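Step one of this worksheet: look at the structure below.
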Amino acid sequence: MKIRILETPQGVARLVAGTLWQYLEDGAEHLGLATGRTMVDVYREFINMARDRHPGWNWDPIETFNLDEYVGLGPQDKESFHYFMWSHLFSGLSLTPGQTNLLNGLARDLTAECLRYEDLVTCKGIDVQLLGLGTNGHIGFNEPGTPFSARTHVVNLTPATLEQNQEDFLDRIPPRYALTMGIETILSAKHIILVATGASKAKALYETLIGPVGPHCPATALRLHQDVWVYLDQGLWTSLGLEARDYEMADGISLKGLED
Ligand code: GLP
């Protein structure tokens, strides 16, 4: 794991967006994408860079694969991840619906839908996977206790996640179930970028970086992957209460300076 600390969350968003562009320039075609508040700024920066630095970019070979979706919500539901992706990213790029892959939260047979998506991801392969971090350490919607061997599956969301999700569902109760790529599915990506900003992520990030590796904190599975970059802001770094040398001591983690 390699860590980049930026002075502000905006700096994090800019660098992550720039890094995604670098992967595209180096030939990446299959992007694994995440939702959540952290990604809103990343996608805004990404769209700005598309307009300012890459006009005329050939989007034809590009395909996207989202991590997860709520059960019972369709693309027209404002709280669905379909809707999130179109409003925050896809509509700002020249992508057709056929190039954007998401789990179908309205599928009648959810198990069959998970198998379809798992086959798709396995067959196409993800070049670079973007991840946010849940305050309970989840990645995608892989909740604490999920085995690292999990592939795409149906999830019964934990009370902590339901509480976190309630902030996005102003006038109704958030769905109790979701579909998500599994941990093993996520780990099959060639490159992974984990983005965490704000002190509310301190406990989960601390566990992720130096806690014991295990299903109690799904994000610790990332320590088993060859190429993970973690991007965070200085405020979050400070709230971890760690010295740089703690990192040097943790297995293979390197720290790449404070910058903006
Ligand atoms: C949801 C998503 C995750 C995301 C997490 C963090 O739970 N399923 O994929 O990483 O939220 O969200 P935020 O960036 O809003 O903190």
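Atom set for the values below is all heavy atoms of this structure, side chains included, hydrogens, waters and symmetry mates excluded. Whatever order the structure lists them in is the order used to number ligands and atoms, beginning at 1. On a predicted model such as this, the values are computed, not experimentally measured, just so you know.
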Aromatic W229 / basic R4 pairing, under 6.0 angstrom, 45° off normal: yes
Proximity of I139 to ligand 1 by residue part, where a heavy atom lies under 4.0 Å: neither
Identity and distance of the protein heavy atom lying nearest atom 12 (O) of ligand 1: G36 CA, 3.8 Å
Sub-4.0 Å atoms of ligand 1 with respect to non-hydrogen atoms of G132: 10 (O)
Electrostatic pair D41-R14, nearest N-O below 4.0 angstrom: no
Protein contact of atom 15 (O) of ligand 1 - nearest heavy atom, named by residue and atom, plus distance: R37 N, 2.7 Å
Residue and atom name of the nearest protein heavy atom (relative to atom 6 (C) of ligand 1), distance in Å to one decimal: L133 O, 3.6 Å
Whether G140 lies under 4.0 Å from ligand 1, heavy atom: yes
Any M39 heavy atom less than 4.0 Å from ligand 1: no
I183-L224 co-clustered via ILVMFWY side chain contacts under 4.5 Å: yes
N or O pair under 3.5 Å between D68 and ligand 1: yes
Distance filter under 4.0 Å to T35 heavy atoms, resulting ligand 1 atoms: 4 (C)
Ligand-residue contact atoms, ligand 1 with H138, heavy atoms, under 4.0 Å: 1 (C), 5 (C), 7 (O)
For atom 16 (O) of ligand 1, the protein heavy atom that lies nearest, with its residue and separation: K201 NZ, 2.6 Å
Beyond-backbone contact of P212 with T220, side-chain heavy atoms, under 4.5 angstrom: no
Presence of salt bridge, E79 and R172, under 4.0 angstrom: yes
Donor-acceptor pair between N101 and E63 side chains, under 3.5 angstrom: yes
Ring centers of Y177, F141 separated by less than 6.0 Å: no
Sub-4.0 Å atoms of ligand 1 with respect to non-hydrogen atoms of T38: 13 (P), 14 (O), 16 (O)
NZ/NE/NH1/NH2 to OD/OE distance under 4.0 Å, K124 and E29: no
